[in-house]
Amino acid sequence: MKKQAALWLVALTIFIDIAGFGLILPRLPFLALSLGASATVLGIVAAIYSLAQFLFTPFLGALSDRIGRRPVILASLLIEAVSFAITGLAGTLPLLLLGRFVGGLGASNIGTAQAVVADVTSEKDRAKGMGLIGASIGLGFVVGPAAGGVLSGVSSALPFWIASALALVNAGLVIFLLPETRTPSGAARPRYSLPIFAGWRGARQQPIVGWMAAQTLLFTIAFTGMETVFALFAQRFFGWGAKETGYIFTYLGVLVVIMQGGIVARLVARWGERTVLMLGLGILAAGLVLLPVSTSLALLLVVLGLVAAGEGLVSPTSSTLLSRTTGSDRQGETLGFVQGFGGLGRIVGPLVAGGLYTLGGPSLAFIVSGAVALAALVVVALAIRPVSPAPTPVTVNPDERESVASASSR
């Protein structure tokens, strides 16, 4: 019962965390523009947040293996509260960039949250638990931006202060309700000279960790590339503005929540994580390649359904597959290491997609994103073997052992 409570509470924590981040998204670009940002600087504002995640997600994951999950999650939420306040008070671009970098540091707790799931779930239920985290992220992205748009109409600074308050409320939930799920072993752990080095040792010892990092990097580049240029595509072919594009991303978020909230666990139970992961990457690639020809609303909704289904299958199954290949003493380190490459993908994807859109329009950007998703599929197919469930140890008491030995000697 305690483990189930921890699972649902960490899912609630992630939901509030992502919703708070989503609150400021509608206002953030306009804040940067009001401070004199160019289009290039807008890209830097987005990239510096992901850069901090790339650097610190592996470090916080490894730290949670050493000192426990609870203090790491708590500290990250307090850092996020400070970052929202800095961003809301920013009167210059350097201060805004500082606020976003600090925010990326605070948001580097996803690997630790996934480690909590690995701590409290059996291998049989691991995919369901990871799906719950994924659904929390998707639901946060549905609720947060919608509420942020409404709050921005009341006051330009209000979304930032509400987000900061939510982070503090979240920290209170962790203090009073979240149990510690990882008891530190006390064993000596290596010190890392830089945060990103956390996890490299595990990647050398277990090649699957490195391959999963590569898959995560490619998948994230493909998906975030689509997110970056979709608004331009929708404006060109449908004449949509921010409101209509926001509705479409809400539609995507709802589909992802549905996939990760229950469907993915059933598919994994039938086919296994590796097969479902490959299926998700294939569906995502197909959806991305079909986007350039989706110039009617009905076809667009169907194709975006493929994109959402692919994303909904990939995220939880990759985390589940990775957690099953890692010892309990390194769950945070390994999951954080791989999630760090997701942060790197969120830097590279928008930059590449934006450049491709400038060179060849939406067709080139979407087709290349689809090709990158296919490359991730090839990595999984060629480099990652199917993972069999660990055998359940059989305990034999001394009397039974003596009986077996006696029978064997006859």
Side-chain angles (χ1 to χ4, degrees), residues 7 10-11 14-15 17-18 21-22 50 53 57 61 107-118 121 125-142 211-227 249 252-268 271-285 287-288 304-324 331 334-346 349 369 372-373 376-377 379-380 384:
L7 177 61
V10 79
I14 291 297
F15 165 70
D17 193 15
I18 298 299
F21 169 74
S50 298
Q53 288 185 308
T57 300
S108 298
N109 55 18
I110 185 63
T112 305
Q114 290 176 333
V116 171
V117 176
T121 57
D125 296 326
R126 187 78 40 87
K128 183 178 179 181
M130 293 297 182
L132 183 61
I133 296 297
S136 300
I137 293 172
L139 193 58
F141 274 119
V142 170
W211 289 116
M212 288 300 294
Q215 179 272 140
T216 298
L217 174 63
L218 293 170
F219 159 71
T220 308
I221 288 173
F223 191 78
T224 58
M226 180 279 299
E227 288 181 314
F249 279 111
L252 284 173
V254 169
L255 292 180
V256 170
V257 170
I258 292 172
M259 290 297 299
Q260 297 186 346
I263 295 176
V264 66
R266 294 187 180 94
L267 295 178
V268 167
W271 295 326
E273 290 88 353
R274 178 176 176 270
T275 300
V276 174
L277 175 58
M278 292 170 61
L279 176 65
L281 290 168
I283 292 174
L284 174 64
L288 292 172
L304 286 175
L306 293 177
V307 172
E311 200 281 340
L313 292 175
V314 170
S315 296
T317 50
S318 59
S319 300
T320 304
L321 181 63
L322 189 64
S323 71
R324 289 182 56 193
Q331 291 285 336
T334 303
L335 289 165
F337 173 74
V338 172
Q339 285 298 323
F341 279 83
L344 179 60
R346 284 185 285 275
S369 291
V372 173
L377 172 59
V379 168
V380 176
I384 300 175

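All heavy atoms count here, side chains included; hydrogens, waters and symmetry mates do not.
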Begin from the C-alpha positions of Ile110 and Ile137 and carry the test side-chain contact (heavy atoms from CB on, under 4.5 Å) through to its verdict. CA-CA 10 Å; Ile110 185 63; Ile137 293 172; 3.7 Å; yes
Pairwise side-chain contact, Thr121 with Arg126, heavy-atom cut-off 4.5 Å (strictly under):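 A side-chain contact under 4.5 Å exists here.
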With a 4.5 Å heavy-atom cut-off, do Leu313 and Leu277 have their side chains touching?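 Heavy-atom side-chain distance check fails, nothing below 4.5 Å.
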Closest heavy-atom contact between [X] and [Y]?
| X | Y | result |
| --- | --- | --- |
| Ala11 | Ile133 | CA-CD1, 4.0 Å |
| Phe219 | Ala376 | N-CB, 4.2 Å |
| Leu306 | Ile283 | O-CG2, 3.2 Å |
| Ser318 | Gln215 | CB-NE2, 3.7 Å |
| Thr216 | Val338 | OG1-CG1, 3.2 Å |
| Ile14 | Ala113 | CD1-CB, 3.6 Å |

Roughly how far, to the nearest 0.5 Å, is the [atom2] atom of [Y] from the [atom1] atom of [X]?
| X | Y | atom1 | atom2 | answer |
| --- | --- | --- | --- | --- |
| Thr57 | Leu344 | OG1 | CG | 11.0 Å |
| Asn109 | Gln114 | CG | CD | 10.0 Å |
| Met130 | Leu321 | CE | CG | 10.5 Å |

side-chain contact (heavy atoms from CB on, under 4.5 Å) assessment of Val116 paired with Leu7: CA-CA 7 Å; Val116 171; Leu7 177 61; over 6 Å; no
What do the steps show when you test Val307 against Leu284 for side-chain contact (heavy atoms from CB on, under 4.5 Å), and what is the final call? CA-CA 5 Å; Val307 172; Leu284 174 64; 3.8 Å; yes
For a quick check under 3.5 Å, do Thr320 and Glu273 share a side-chain donor-acceptor pair by atom type? no
Check: Arg346/Thr220 side-chain N/O donor and acceptor closer than 3.5 Å: no
So, using side chain to side chain donor-acceptor pair (under 3.5 Å) as the criterion, who are the partners of Thr224 when residues are at least two apart? none
Which residues pass the side chain to side chain donor-acceptor pair (under 3.5 Å) test with Thr317, sequence neighbours left out?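 Side chain to side chain donor-acceptor pair (under 3.5 Å) check on Thr317 returns nothing, list empty.
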Apply side-chain contact (heavy atoms from CB on, under 4.5 Å) to residues Leu279 and Trp271 and explain how you reach the verdict. CA-CA 10 Å; Leu279 176 65; Trp271 295 326; 4.0 Å; yes
